[in-house]
2 protein chains.
Amino acid sequence: MNLKSQVEWALHCCAILAGLPEGRHLAAKDLAELHGLPKEYLSKAMQSLSQAGLVATTLGPQGGYRLAQAAEKITFLDIVEAVEGRRNTFACQEIRKNNPCRPAKQRETKPCAIARVMWEADEAWRDRLRRVSLAELVETVGREVPKAVLERTAEWIAARS
Amino acid sequence: MNLKSQVEWALHCCAILAGLPEGRHLAAKDLAELHGLPKEYLSKAMQSLSQAGLVATTLGPQGGYRLAQAAEKITFLDIVEAVEGRRNTFACQEIRKNNPCRPAKQRETKPCAIARVMWEADEAWRDRLRRVSLAELVETVGREVPKAVLERTAEWIAARS
DNA sequence: CTAATTACGGATAACAAATATCCGTAATAC
DNA sequence: GTATTACGGATATTTGTTATCCGTAATTAG
Ligand code: FES
Ligand code: FES
């Protein structure tokens with residue numbers, strides 16, 4: 001039960017894009033270099049973000065990615081679900097139907113008791129992720145990462161966007 | 001990001017064992033037949049439960065599994081973690097270290113801001129599962145499953161334990 | 001004691017998902 | 001026109017899940 005590593009990549013990339021000057025774009029090539037990731041595969045994750053409407057893209061030279069919404073509007077959950085999908089972690093296989101003591105014709109009206117509990121836990125997980133915005137992440141990073149690194153990274157990005 | 005199907009199997013089997021008459025055991029063969037599952041593979045899940053101290057086993061004829069603790073003491077989380085392990089769903093790969101603008105020697109004192117948020121969500125998920133006991137599941141099932149099915153299943157089990 | 005039954009653990013195979021690469025296409029800036 | 005970019009399809013590699021097989025040791029019934 002692991003999230004794909006693309007989830008981490010997408011979160012890092014969104015945090016970077018949130019700090020991008022207005023009207024600028026950053027290419028997948030640069031995002032990959034900045035995080036030490038395989039460019040082609042990272043761009044699959046970016047495509048997921050694009051399809052989810054979280055980032056906007058521009059083609060051609062000086063093109064690339066930017067946020068499509070305000071960082072305050074984008075939540076962790078948005079990003080996680082964009083790349084990971086919206087399935088529950090628990091999949092009820094309805095093995096209760098295999099009980100030989102049950103009449104075959106019996107049809108279930110509601111989800112089983114086990115699945116309901118598991119899905120509540122999944123919902124609690126989502127709830128927590130929904131409560132943290134990309135803007136909050138950026139603020140925390142701004143507080144915790146050394147100023148020198150932040151500045152040099154900002155320059156690095158400015159030189160390529 | 002899916003839980004293994006063994007998680008469902010373990011939950012169903014624990015619910016069955018919770019209804020077992022005192023001092024009786026139920027063999028993996030019967031648990032597998034009752035749920036329509038591959039016996040050999042199900043027994044791997046049962047071994048996980050055994051190693052976690054949730055079920056106790058007896059060898060030989062009339063042997064098998066029984067709960068090792070009161071159903072009130074066993075939580076969903078106990079069962080899930082027994083078969084799924086205790087890893088977080090999110091694994092921080094520390095790709096922040098790949099930022100070329102960071103001094104190589106810099107060492108991190110605390111987990112990164114992204115991982116902290118993701119792990120809080122994982123903890124919220126666990127919290128929810130910790131709050132539901134096996135006894136509560138059994139009670140819910142007793143309320144929702146038709147009496148006839150419950151009785152026939154109880155007889156089926158009694159005949160083999 | 002003997003034979004049947006049971007959980008356990010190691011080895012291994014089949015299958016699915018995650019990870020990764022490659023490349024052709026279309027759009028865009030200069 | 002040329003270089004650059006995102007996109008999507010095809011495919012390979014690696015890892016994890018699912019599943020089976022079988023030998024070992026413990027236990028019970030007769
Ligand atoms: S029938 Fe097994 S969890 Fe729903
Ligand atoms: S460095 Fe990427 S999540 Fe921790």
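- Stacking of B/Arg160 on the aromatic ring of B/Trp156 is recorded, both the 6.0 Å distance cut-off and the 45° axial limit being met.
- Side-chain contact annotation: A/Asn99 with B/Thr153, donor-acceptor N/O pair under 3.5 Å present.
- Residues A/Gly64 and A/His25 share a closest heavy-atom pair of O-ND1, 3.5 Å.
- For the pair A/Asn2 CG and D/dT15 C1', the interatomic distance rounds to 11 Å; values are reported in whole Å.
- Here C/dA7 is the nucleotide among C/dT19, C/dA7, D/dT18 with the atom lying nearest to any side-chain atom of B/Thr57.
- Taking 4.0 angstrom as the limit, A/Ser50 places a side-chain polar atom (N or O) nearer than this to OP1 or OP2 of D/dC7.
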Show the distances under 3.5 angstrom between N or O atoms of the protein and N or O atoms of nucleotides 2-5 of chain C.
none

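- The OH atom of A/Tyr41 sits 15 Å away from the C1' atom of D/dA10 (whole-angstrom rounding).
- A/Lys44 comes within contact range of at least one nucleobase, with a heavy-atom separation under 4.0 Å.
- Taking atom CD of A/Gln93 as the reference point, atom P of D/dA19 lies 9 Å away to the nearest angstrom.
- Each of A/Arg87 and B/Asp30 was assigned the nucleotide of DNA chain C with the nearest heavy atom; the assignment lying further toward the 5' end belongs to B/Asp30.
- Projected onto DNA chain C by closest heavy-atom contact, A/Lys4 and B/Leu26 fall at different nucleotides, the more 5' of which corresponds to B/Leu26.
- Side-chain contact of B/Ser50 with B/Gln47: a donor-acceptor pair under 3.5 Å is absent, judged by distance alone.
- Contact check, B/Gln47 against C/dG9: a side-chain N or O comes under 4.0 Å of OP1 or OP2.
- Nearest heavy-atom pair, A/Ser161 versus A/Leu26, reported as atom, atom and distance to 0.1 Å: CB-CD1, 4.2 Å.
- Between the NZ atom in A/Lys97 and the NE2 atom in B/His35 there is a gap of 15.0 Å [rounded to 0.5 Å].
- Within the structure, a side-chain polar atom (N or O) of A/Ser5 is placed less than 4.0 Å from OP1 or OP2 of C/dT19.
- A/Leu49 has its CG atom 14 Å from the C1' atom of D/dC7, to the nearest Å.
- One can find a donor-acceptor pair under 3.5 Å joining the base of D/dC22 and the side-chain atoms of B/Glu40.
- Residue A/Met46 contributes atom CE, which lies 17 Å from atom P of C/dA20 at whole-angstrom precision.
- In the set C/dC22, C/dT6, D/dT20, C/dT6 carries the atom at the smallest distance from any side-chain atom of B/Ala27.
- Taking atom CG on A/Leu31 and atom C1' on D/dT5, their separation rounds to 13 Å, with Å as the unit.
- No N or O donor and acceptor, one from the side chain of B/Gln51 and one from the base of C/dC8, sit under 3.5 Å apart.
- A close approach under 4.0 Å does occur between a side-chain nitrogen or oxygen of A/Tyr65 and OP1 or OP2 of D/dC7.
- Between the side chains of A/Glu136 and A/Ser133, at least one donor-acceptor pair of N or O atoms lies under 3.5 Å.
- Protein atom CE of B/Met1 is 13 Å distant from nucleotide atom P of C/dT19, rounded to whole Å.
- When distances are taken from the side chain of A/Trp9 to each of D/dC7, D/dA19, C/dA20, the shortest belongs to C/dA20.
- One atom, NZ of A/Lys39, and another, P of C/dC22, lie 11 Å apart when rounded to the nearest Å.
- None of B/Leu11, B/Leu129, B/Leu137 except one satisfies the side-chain contact (heavy atoms from CB on, under 4.5 Å) rule with B/Ile79; the exception is B/Leu11.
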